[in-house]
Structure formats: C-alpha cells, structure tokens
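Remember, it's 1-based here, ligands and their atoms both numbered in the order they're listed. Start at 1 with the first residue, then count along the sequence.
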Amino acid sequence: MANQCKRHSVSDPLSKDLVECLRESMQRELKFETPYVFVVFGASGDLAKKKIYPTLWWLFRDNLLPVNIKFVGYARSDLTVCKLRESFEKFCKVRETEKCAFDDFIKKCSYIQGQYDTSDGFQRLQSSIDDFQKESHDQAVNRLYYLALPPAVFNVVSTELKKNCMDRGDSWTRVIIEKPFGHDLKSSCELSTHLAQLFKEDQIYRIDHYLGKEMVQNLMVMRFGNRILAPSWNRDHIASVMISFKEDFGTGGRAGYFDTAGIIRDVMQNHLMQILTLVAMEKPASLNAEDIRDEKVKVLKACKVVELKDVVVGQYVANPDFDHPEASQGYKDDKSVPADSTTPTYALAVLHINNERWEGVPFFLRCGKALNEKKAEVRIQFKEVSGDIYPSGELKRSELVMRVQPNEAVYMKLMTKKPGMGFGVEETELDLTYNNRFKDVRLPDAYERLFLEVFMGSQINFVRTDELEYAWRILTPVLEELEKKKIQPVQYKFGSRGPTEGDDLMQKYGFIFTGTYKWVAPKL
Ligand SMILES: NC(=O)C1=CN([C@@H]2O[C@H](COP(=O)(O)OP(=O)(O)OC[C@H]3O[C@@H](n4cnc5c(N)ncnc54)[C@H](OP(=O)(O)O)[C@@H]3O)[C@@H](O)[C@H]2O)C=CC1
Ligand SMILES: O=C1O[C@H](COP(=O)(O)O)[C@@H](O)[C@H](O)[C@H]1O
C-alpha cells in the first residue's frame with residue numbers, strides 16, 4: 001500500500017518533539033503493515049466534511065497514520081468518492097505542493113451507501129473489510145468506527161455494528177462517538193447502558209474536542225509540573241475560577257438543532273465541565289487514563305447540584321449598529337426557531353465544589369454566542385495579600401489566565417514596582433504568548449491530536465461513562481427547572497458582553513473587575 005508519490009515531507013511541522021514522539025510510538029505500538037480501516041458513519045454530513053475528512057487528510061499528509069489504511073465513508077445518500085471529495089476538499093486547505101499526496105489520500109477513500117437501521121449496508125461494509133484483510137496477506141484489520149450521526153440513529157447504528165462489523169478477536173475495534181451524549185441525566189444513562197451492552201469501555205471513545213486543545217492539555221502540566229503553583233492552588237489563596245467560552249457569531253445555520261439543546265447542553269455540560277475537572281482535580285496517581293479519569297470523577301462527585309439562583313440565562317437580539325454580517329438577526333429572527341423559544345444562547349452558572357481544597361471558591365462557568373469577541377479562557381483570580389502595606393486600593397488581585405483560544409497564551413497579571421524613581425506599584429504581567437515563544441511550532445488542531453490518540457489506544461482525553469453521568473447530575477435539575485418554568489432568558493444585544501446580570505452574579509460571589517489593568521502588546 002505504498003503511496004504513489006514519495007511519502008511527502010512535513011512542510012509545516014507540528015512541534016518536532018510531538019511528531020517524533022508520535023512516530024516512535026506509532027512504530028512501537030502499531031505495526032505499520034497492519035491494516036486499518038477508518039469508517040465515517042454520516043460521511044455526507046457537516047462534521048464529516050468540515051472536520052473528520054480534513055483531519056484524516058492532515059494526519060495522512062504529515063505521515064502520522066499507518067501506511068496500510070483505508071477510509072470508508074458510510075451514509076444513506078447516493079454519493080461517490082468523487083462527490084465526497086468535492087464536499088470536503090475545500091476544508092482540507094491543500095497546498096499546491098500537496099496535490100499529489102492529496103490524490104493518494106483520495107485513492108484510499110471509498111464510499112458505501114447504506115441504511116442505518118437495516119443490516120444490509122453493514123454486511124457490505126464487513127465484506128469490504130474482509131477483502132481488505134485478504135489484500136493484506138490475511139492480517140486482521142483494526143477498525144475505527146466514527147459515529148458522526150444525529151442521536152436519533154445512534155442506537156440502531158451501534159447495534160448493527162455490533163451484529164455485523166466487529167473484529168474477530170485477532171485485531172481491535174474502537175468506536176468514536178460525538179456529542180450530544182444524551183439530552184439529560186436519564187437519556188445519557190440510557191445511552192451509556194445501551195453502549196455498555198455492546199462494547200467494552202476501552203472500545204468507546206467519547207470525543208470532547210476541547211480536551212484536544214493545546215491549552216487544555218497544558219492545564220495538568222501547569223498544575224502538577226510547577227512547584228510554585230501547587231501550594232497556592234486552593235481555597236486559601238484563590239478567590240474564584242472563571243471558565244469562559246465566548247463566540248462572536250450567532251447560531252447561523254444551526255439554529256434548528258441549537259434550539260433543542262441550548263448553550264448549557266451545547267457547551268457548558270461538556271467542554272466547560274471538562275475544563276473544570278482539570279482545574280480542580282487532585283494530582284492523579286499517574287498519567288494513566290484511569291488514574292486521571294478517577295480524579296476527574298471525584299471532582300464531579302463533590303460538585304453540588306446547580307441551583308437556579310446561581311444561574312443567569314440570556315438570549316441574543318438583533319443589533320443593527322454592530323459591525324457583523326449576522327448582527328441584524330436576533331436568535332428568534334431565525335425561521336427555524338419558535339417565536340416563544342426560551343432556549344438560552346448565553347449562560348453563566350456558579351458551581352460549588354464541596355471538598356477540602358475548594359469549599360467556598362466559586363467556579364463561574366460562562367458561555368455565550370453572539371458576544372463581543374471570540375475567546376475561551378480559564379481565569380484564576382487570587383485573593384488579596386494579607387497585611388497590605390501599600391496605600392489603600394493600590395494593590396490589585398493577581399490573576400493567572402490561560403487563554404485557550406484564539407492566540408494561546410498563559411499570562412499572570414501581577415503587581416510590580418512602577419519602573420523609575422518612584423516607589424509606586426503598577427499592574428503588569430508575566431506573559432507567555434505561544435506565538436512569540438514557540439515561533440516555529442504549528443499547534444495541531446484538537447481533532448488531529450485526538451484521532452491519533454484513538455489510534456494509539458489512549459483514553460486520557462476521552463470521556464468515561466461515569467464522568468458523563470456525574471456531569472449531567474450537576475446540571476440536569478436546573479435545566480429541567482428552566483424548561484418547565486419556561487424561564488425567560490435576559491435579552492442581550494448581538495456583539496455585547498452578554499447580560500449585565502451575569503457580571504452582577506459574579507460580583508455577588510466575589511469576582512472583582514477593576515478595569516484598571518492595561519496590557520501593552522509587544523511589537524512583533
Ligand atoms: N499574552 C497575551 O496575549 C496577553 C494579552 N492580554 C490582553 O490584555 C487585555 C486585558 O487583559 P484581561 O486579562 O482581559 O484583563 P482585564 O482586567 O481587562 O479583564 C479581566 C476580566 O474582566 C472581564 N470584564 C471586562 N469588562 C468587565 C466589566 N465591565 N465587568 C466585569 N468584568 C469585566 C473581562 O472580559 P469578559 O468578561 O468580557 O470576558 C475579563 O474576564 C485582554 O485583551 C488580554 O487578551 C493581556 C496579557 C497578556
Ligand atoms: O462543540 C461545539 O463547539 C463549537 C466551538 O468549538 P471551537 O473549537 O471552534 O471553539 C461551538 O461553536 C458549537 O456550538 C459547539 O457545539
């Protein structure tokens with residue numbers, strides 16, 4: 001299965017160390033001649049064209065996949081590989097010099113048109129895998145099944161897979177699942193029970209792509225790799241933790257789906273909750289996936305169920321004065337949204353962790369669409385120093401900010417002496433901006449990293465069944481209350497910072513915003 005053109009060189013390398021490390025471990029853990037099949041269920045869909053195929057291409061281009069691999073698309077639509085290519089090529093950002101390699105990639109793609117609820121298509125898939133095995137000197141094929149499908153067909157597809165397409169014990173099968181993992185605690189548990197009847201936990205890879213982001217992965221190293229941080233990472237020193245997700249665009253073409261979910265299910269229950277566990281957990285016994293996930297679960301168990309008094313929900317309205325192509329449309333101006341929808345597009349929830357480390361420290365989880373900027377960050381606000389010797393009000397609280405996106409950075413806002421003759425103090429920062437510090441490094445997309453982890457059989461960055469259950473336990477009651485009582489979200493303008501009620505709630509729990517800090521961006 002050698003490529004037609006020479007295995008291409010990596011033109012825009014990921015971190016060299018990462019690439020080397022991945023290659024080494026691929027060589028160690030995967031025999032390159034072993035056949036692999038990566039099947040995309042829902043190949044005709046949006047996620048497949050925008051994320052899954054481009055990610056597979058980038059990994060293939062960078063020689064990070066096993067050589068003997070085939071990519072099979074599966075969906076109901078009447079498609080061909082040629083049509084499939086047309087749908088995803090523009091998202092692959094293929095450079096002129098990569099055209100030949102891209103053709104090689106396409107040669108490894110095939111398409112099966114099949115139903116989701118009958119066995120026929122799955123049997124054809126199984127026979128194509130059998131053929132591949134024969135072509136590969138009868139070596140058993142490792143199987144990766146990616147379910148990029150709406151929840152409605154989830155159960156039937158997984159059942160048919162189990163019935164028709166599993167390995168025969170001489171290779172492995174891994175099933176990758178995309179959110180939503182249920183709609184609430186009950187439906188999530190039902191889904192987990194269904195999957196548990198079909199697959200073992202180590203065969204299930206629930207993707208939360210935020211776990212693949214550089215800065216989210218950096219959280220553990222920052223916390224457990226720096227003696228300087230560990231002693232202050234607790235209720236004695238930290239006043240509050242804010243985990244924030246902001247988007248500067250609305251629900252766009254997804255409003256139909258979004259209205260059935262809302263921002264709490266779409267972002268808070270998964271991405272923000274996962275980040276919370278990494279910020280708050282105790283040091284795991286090792287870097288083993290089970291040790292890490294055990295600690296994450298302990299944090300979720302210690303989280304109190306969120307109460308309505310600790311939540312602010314908002315919904316954006318049009319703001320024609322704001323300079324954005326979508327801003328003249330409010331959420332409910334979208335035809336697929338019911339006129340009386342109370343679905344939140346913004347939410348702030350205050351979480352309380354009832355353990356020795358965190359009692360009394362509010363965790364603000366805040367997420368919203370159509371806000372003033374695109375940004376995701378973790379902000380640790382420290383308490384004031386004790387026994388202040390400076391004139392009243394001069395010392396401001398220190399903050400450690402880990403900016404997940406855009407422009408990954410870690411910065412510590414702190415007090416220093418005002419430079420020069422005076423004795424005064426000034427707010428400044430220690431600034432680790434990734435673009436400056438790691439100039440030649442391309443940070444991999446979250447999906448690239450996570451796909452490789454599935455190949456390597458590492459579940460560190462995938463969500464375990466019990467994590468899911470405990471995360472839903474914390475948010476389901478308030479979701480039900482919001483929905484049963486049809487609580488009206490506060491309206492906020494497209495392009496604003498969201499409802500001021502959000503700031504008021506954070507202030508009530510002790511978050512301090514002074515507005516005095518000024519950042520001087522370095523000249524590049
Ligand atoms: N390496 C780098 O790239 C660095 C960049 N910077 C930049 O400097 C700028 C300022 O730094 P930043 O850390 O935001 O510090 P600020 O003190 O300006 O903001 C702190 C927090 O308060 C929020 N806030 C803003 N207005 C209000 C308000 N009226 N009431 C309550 N909360 C408010 C902010 O935005 P919100 O609530 O809207 O999210 C943010 O969460 C940022 O743009 C930052 O990216 C700073 C240091 C290093
Ligand atoms: O899971 C989701 O995430 C995206 C944001 O992902 P990002 O990597 O671009 O930050 C969000 O837009 C979407 O609503 C949500 O379903």
Side-chain angles (χ1 to χ4, degrees), residues 46-47 50-51 55 178-181 207-216 240-255 257-275 345-346 348 364 366-381 396-414 427-437 445-450 492 495-522 524:
D46 217 46
L47 184 70
K50 289 190 182 149
K51 278 287 174 201
T55 303
E178 269 286 341
K179 76 179 178 71
F181 311 124
I207 279 217
D208 182 315
H209 76 282
Y210 266 62
L211 290 177
K213 295 202 184 251
E214 183 70 27
M215 204 50 71
V216 176
S240 67
V241 176
M242 156 132 69
I243 302 170
S244 193
F245 166 101
K246 298 167 80 177
E247 278 182 343
D248 57 359
F249 47 88
T251 48
R254 290 173 76 228
Y257 149 75
F258 190 87
D259 201 63
T260 63
I263 198 78
I264 297 179
R265 290 188 181 89
D266 192 44
V267 171
M268 189 184 285
Q269 184 277 339
N270 35 70
H271 307 326
L272 300 196
M273 208 64 122
Q274 281 295 327
I275 296 178
T345 58
Y346 165 101
L348 169 77
F364 306 116
R366 185 182 64 163
C367 42
K369 293 197 175 266
L371 295 172
N372 60 333
E373 59 183 335
K374 180 166 167 60
K375 174 177 91 174
E377 66 176 28
V378 177
R379 183 176 296 268
I380 312 287
Q381 188 168 85
K396 304 290 177 338
R397 285 179 166 185
S398 302
E399 284 183 350
L400 173 68
V401 182
M402 300 189 65
R403 196 170 55 224
V404 176
Q405 63 189 35
N407 304 326
E408 290 84 350
V410 182
Y411 57 94
M412 178 89 181
K413 289 162 60 178
L414 34 65
E427 287 176 281
T428 46
E429 69 284 313
L430 295 177
D431 177 4
L432 168 59
T433 302
Y434 272 44
N435 279 341
N436 293 342
R437 179 67 174 80
D445 176 81
Y447 275 88
E448 284 179 66
R449 200 190 301 257
L450 293 176
Y492 63 95
S496 68
R497 289 187 55 255
T500 50
E501 285 80 348
D503 289 335
D504 296 344
L505 184 60
M506 293 204 303
Q507 211 180 341
K508 186 182 135 200
Y509 276 105
F511 179 78
I512 296 181
F513 172 73
T514 56
T516 49
Y517 171 71
K518 297 280 172 281
W519 184 54
V520 184
L524 292 178

Shortest protein contact, [atom] (heavy atom only):
atom: atom 14 (O) of ligand 2; value: Asp266 OD2, 2.6 Å
atom: atom 8 (O) of ligand 2; value: Lys213 NZ, 2.6 Å
atom: atom 6 (O) of ligand 2; value: His209 NE2, 3.2 Å
atom: atom 10 (O) of ligand 2; value: Tyr210 OH, 2.4 Å

Q: Scan side-chain atoms only and decide if Asp431 and Thr433 contain a donor-acceptor pair under the 3.5 Å cut-off.
A: yes
Q: Using a 4.0 Å heavy-atom cut-off, say whether Lys51 meets ligand 2 through its side chain, its backbone, both or neither.
A: neither
Would you find a donor on one side and an acceptor on the other, under 3.5 Å apart, between the side chain of [X] and the backbone of [Y]?
X: Arg497; Y: Thr500; answer: no
X: Lys374; Y: Leu371; answer: no
X: Arg437; Y: Leu432; answer: no

Q) Can you find a non-hydrogen atom of Phe258 under 4.0 Å from ligand 2? A) no
**Q.** Lys413 and its side-chain hydrogen bond (donor to acceptor under 3.5 Å, both in side chains) partner, picked from Glu399, Glu427, Gln381, Glu429
**A.** Glu399
Q: Compute the shortest N/O to N/O distance between Lys179 and ligand 2 and return yes if it is under 3.5 Å, no if not.
A: yes
(Q) Could you check whether Glu408 pairs with Lys213 (Lys NZ or Arg NE/NH1/NH2 to Asp/Glu carboxylate O, under 4.0 Å)? (A) no
Q. Is it true that Asp46 and Arg254 make a salt bridge, defined as a side-chain N closer than 4.0 Å to a carboxylate O?
A. no
Q.
Only heavy atoms of Lys374, strictly under 4.0 Å: list the atoms of ligand 2 that pass.
A. 9 (O), 10 (O)
**Q.** Ligand-side contact atoms (ligand 2) for residue partner Lys369, heavy atom cut-off under 4.0 Å
**A.** 11 (C), 12 (O), 13 (C), 14 (O)
Q: With rounding to the nearest 0.5 Å, note down the distance linking CD in Glu501 to NZ in Lys508.
A: 13.0 Å
Q. Given His271, Gln405, Arg265, Glu247, which has its nearest heavy atom closest to atom 5 (C) of ligand 2?
A. Glu247
Sub-3.5 Å pairs, protein N or O with ligand 1 N or O:
from: ligand 1; atom 1: 1 (N); to: Asp431; atom 2: OD1; distance (Å): 2.6
from: ligand 1; atom 1: 1 (N); to: Asp431; atom 2: OD2; distance (Å): 3.3
from: ligand 1; atom 1: 1 (N); to: Thr433; atom 2: OG1; distance (Å): 2.6
from: ligand 1; atom 1: 3 (O); to: Arg403; atom 2: NH1; distance (Å): 3.4
from: ligand 1; atom 1: 3 (O); to: Arg403; atom 2: NH2; distance (Å): 2.9
from: ligand 1; atom 1: 13 (O); to: Arg379; atom 2: NH1; distance (Å): 2.9
from: ligand 1; atom 1: 13 (O); to: Arg379; atom 2: NH2; distance (Å): 3.0
from: ligand 1; atom 1: 13 (O); to: Tyr411; atom 2: OH; distance (Å): 2.7
from: ligand 1; atom 1: 14 (O); to: Arg379; atom 2: NH2; distance (Å): 3.3
from: ligand 1; atom 1: 15 (O); to: Lys413; atom 2: NZ; distance (Å): 2.8
from: ligand 1; atom 1: 17 (O); to: Lys413; atom 2: NZ; distance (Å): 2.8
from: ligand 1; atom 1: 24 (N); to: Arg497; atom 2: NH2; distance (Å): 3.4
from: ligand 1; atom 1: 32 (N); to: Arg497; atom 2: NH2; distance (Å): 3.3
from: ligand 1; atom 1: 37 (O); to: Arg366; atom 2: NH1; distance (Å): 2.8
from: ligand 1; atom 1: 37 (O); to: Arg366; atom 2: NH2; distance (Å): 3.3
from: ligand 1; atom 1: 37 (O); to: Arg497; atom 2: NH2; distance (Å): 2.6
from: ligand 1; atom 1: 38 (O); to: Lys246; atom 2: NZ; distance (Å): 2.6
from: ligand 1; atom 1: 38 (O); to: Arg497; atom 2: NE; distance (Å): 2.7
from: ligand 1; atom 1: 38 (O); to: Arg497; atom 2: NH2; distance (Å): 3.4
from: ligand 1; atom 1: 39 (O); to: Lys246; atom 2: NZ; distance (Å): 3.2
from: ligand 1; atom 1: 39 (O); to: Arg366; atom 2: NH2; distance (Å): 2.7
from: ligand 1; atom 1: 39 (O); to: Lys375; atom 2: NZ; distance (Å): 2.8
from: ligand 1; atom 1: 41 (O); to: Arg379; atom 2: NE; distance (Å): 3.3
from: ligand 1; atom 1: 45 (O); to: Arg403; atom 2: NH1; distance (Å): 2.9

Could you tabulate the donor-acceptor pairs under 3.5 Å formed by side-chain atoms of residues 261-273, not counting sequence neighbours?
from: Arg265; atom 1: NE; to: His183; atom 2: O; distance (Å): 2.6
from: Arg265; atom 1: NH1; to: Ala261; atom 2: O; distance (Å): 3.1
from: Arg265; atom 1: NH1; to: Glu483; atom 2: OE2; distance (Å): 2.9
from: Arg265; atom 1: NH2; to: His183; atom 2: NE2; distance (Å): 3.4
from: Arg265; atom 1: NH2; to: Glu483; atom 2: OE1; distance (Å): 3.3
from: Arg265; atom 1: NH2; to: Glu483; atom 2: OE2; distance (Å): 3.3
from: Asp266; atom 1: OD1; to: Lys179; atom 2: NZ; distance (Å): 3.2
from: Asp266; atom 1: OD1; to: Tyr257; atom 2: OH; distance (Å): 3.1
from: Asn270; atom 1: ND2; to: Arg265; atom 2: O; distance (Å): 2.8
from: His271; atom 1: ND1; to: Asp208; atom 2: OD1; distance (Å): 2.7
from: His271; atom 1: ND1; to: Asp208; atom 2: OD2; distance (Å): 3.4

**Q.** Phe511 side chain reached by Arg397 side chain, heavy atoms, under 4.5 Å
**A.** no
**Q.** Contact summary for Met215 and Val404, nearest pair of heavy atoms
**A.** CB-CA, 3.7 Å
